2 protein chains.
Amino acid sequence: MKKIDILKKLRSSGLRPTKQRVEIAKFLFEREKTFHFTVESLNKLLIKKLTSKIALATIYNTVHAFKIAGHLSEVEVRGKKTYFDTNISNHHHFYDSETAELIDIDANDIIIQKIPKAPNGKKIKNVEVFINLKN
Amino acid sequence: MKKIDILKKLRSSGLRPTKQRVEIAKFLFEREKTFHFTVESLNKLLIKKLTSKIALATIYNTVHAFKIAGHLSEVEVRGKKTYFDTNISNHHHFYDSETAELIDIDANDIIIQKIPKAPNGKKIKNVEVFINLKN
DNA sequence: AATCTAGTTTATAATTATTCTAAAGTGAAA
DNA sequence: TTTCACTTTAGAATAATTATAAACTAGATT
Ligand SMILES: [Mn+2]
Ligand SMILES: [Mn+2]
Ligand SMILES: [Zn+2]
Ligand SMILES: [Zn+2]
């Protein structure tokens, strides 16, 4: 992912490209594979990577803006912390509760044959499949 | 659900049948249909139904004990509060974010035709399907 | 370049769901 | 009745998140 794309992600999220935001955006989006994280885990990784630390509030604000702009999605995981996902396409997850780790499942790797119709007056927005793992 | 079953639920959860616990258990389990709730919503309903109010800590403790004993299950819903479910069988949910309401889907009403195999050394514990609704 | 200003970062406070604590209450058994 | 382990309860503690407000910065304007 090029610098110009990083700047585009920031601007399309209504964020001016400050030093902190560029660091966060580069860390999130300059990678090949999906990245699943909580604000806490992201913060720890940023501390390891950077020389100066970024205030938690800035990380919360930036992540939130990316989520609103659709550059990050939120994954519902049992527990108190919110999980975010750099994969914003429609997809599913394995969840390994031993390691608290999420693993992507491509939408095409799950085929649902039968599904009930939505309740009266409602439509289906999306279908999320969550596969819990054990050892 | 008979009084004897209520007492059985309490005892099998390691709880002595006190006045408060019996009230909570009757409210949760003496009903035909599935009941989805948060501790906050349960508390509000109990206040309406009962003359004396039960301490929040008692509600938390009792619900937690029922969950540990397997008499309640926990449903993962986007948001900060924990949702509980009197339906402890394997099943799925519609979620209406407008009303913050869960609706049960019988396990037999969803058939998954294709599913990826679990990662190395792991097995599938269970599969949860969550269908988000819109208007 | 110096100035200006809206937007930003940060430390800290506030909020909220949940859990903990410790003091007072209860009830079955001795 | 007395006892004592178990309970309830109000309030304190905790943890994730959001809000606040003062100091700072990036760009735009002179
Ligand atoms: Mn969660
Ligand atoms: Mn949740
Ligand atoms: Zn994902
Ligand atoms: Zn249910």
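In the text below, chain A, chain B and the rest are named by the order of the sequence lines, each starting its count at 1. Hydrogens, waters and symmetry mates play no part in the numbers below; they use all other heavy atoms, side chains included. Remember, predicted model here, so these are calculated numbers, not experimental data.
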Discussion item. When you measure from the side-chain N and O atoms of A:Tyr60 to the phosphate of D:dT18, is any distance below 4.0 Å, counting only OP1 and OP2?
Written reply: no
Worksheet, complete the sentence: A:Leu56 CG to C:dT12 P, in whole Å, measures 13 Å
Worksheet item: Quick one: B:Asn61 CG to D:dT9 P, roughly how many Å, whole number?
Response: 11 Å
Worksheet item: Ring centres of B:Tyr83 and B:Phe37 under 6.0 Å apart?
Response: no
Worksheet item: Taking only side-chain nitrogens and oxygens of A:Arg21, does any of them come within less than 4.0 Å of OP1 or OP2 of C:dT8?
Response: yes
Worksheet item: For A:Thr58 and C:dT10, is the shortest distance between a side-chain N/O and OP1 or OP2 below 4.0 Å?
Response: yes
Worksheet entry | Between C1' of C:dT19 and NE2 of B:His64, the distance in whole Å | 10 Å
Worksheet, complete the sentence: note: A:Leu10, atom CG; C:dT8, atom P; distance rounded to Å ~ 10 Å
Worksheet item: Between D:dT8 atom C1' and B:Leu46 atom CG, what is the distance in whole Å?
Response: 15 Å
Worksheet entry | Spacing of B:Leu15 atom CG relative to D:dT8 atom P, expressed in whole Å | 8 Å
Item to complete: Rounded to the nearest angstrom, tell me the gap between atom CZ in A:Arg11 and atom P in D:dA26.
Response: 15 Å
Discussion item. Can you tell me if A:Gln20 touches the phosphate of C:dT10, counting only side-chain N or O atoms and a distance under 4.0 Å to OP1 or OP2?
Written reply: yes
Worksheet item: Should A:Lys53 and A:Glu23 count as an ion pair when the cut-off is N to O under 4.0 Å?
Response: no
Fill in: Cation-pi check, A:Lys9 onto A:Phe29 ring (under 6.0 Å, within 45° of axis)
yes
Discussion item. Do the side chains of A:Lys44 and A:Glu40 get close enough for a salt bridge, i.e. N-O under 4.0 angstrom?
Written reply: yes
Discussion item. Can you see if the side chain of A:Thr18 gets near the phosphate of D:dT25 - specifically, an N or O under 4.0 Å from OP1 or OP2?
Written reply: no
Worksheet item: Is the backbone of B:Asn87 close enough, under 3.5 Å, to the side chain of B:Ser73 for a donor and an acceptor to pair up by distance?
Response: yes
Item to complete: Rounded off to whole Å, could you give me the NZ-to-C1' distance for the B:Lys80 and C:dA17 pair?
Response: 10 Å
Worksheet item: Pick the nucleotide of DNA chain D nearest each of B:Lys19 and A:Phe84; which residue has the one closer to the 5' end?
Response: B:Lys19
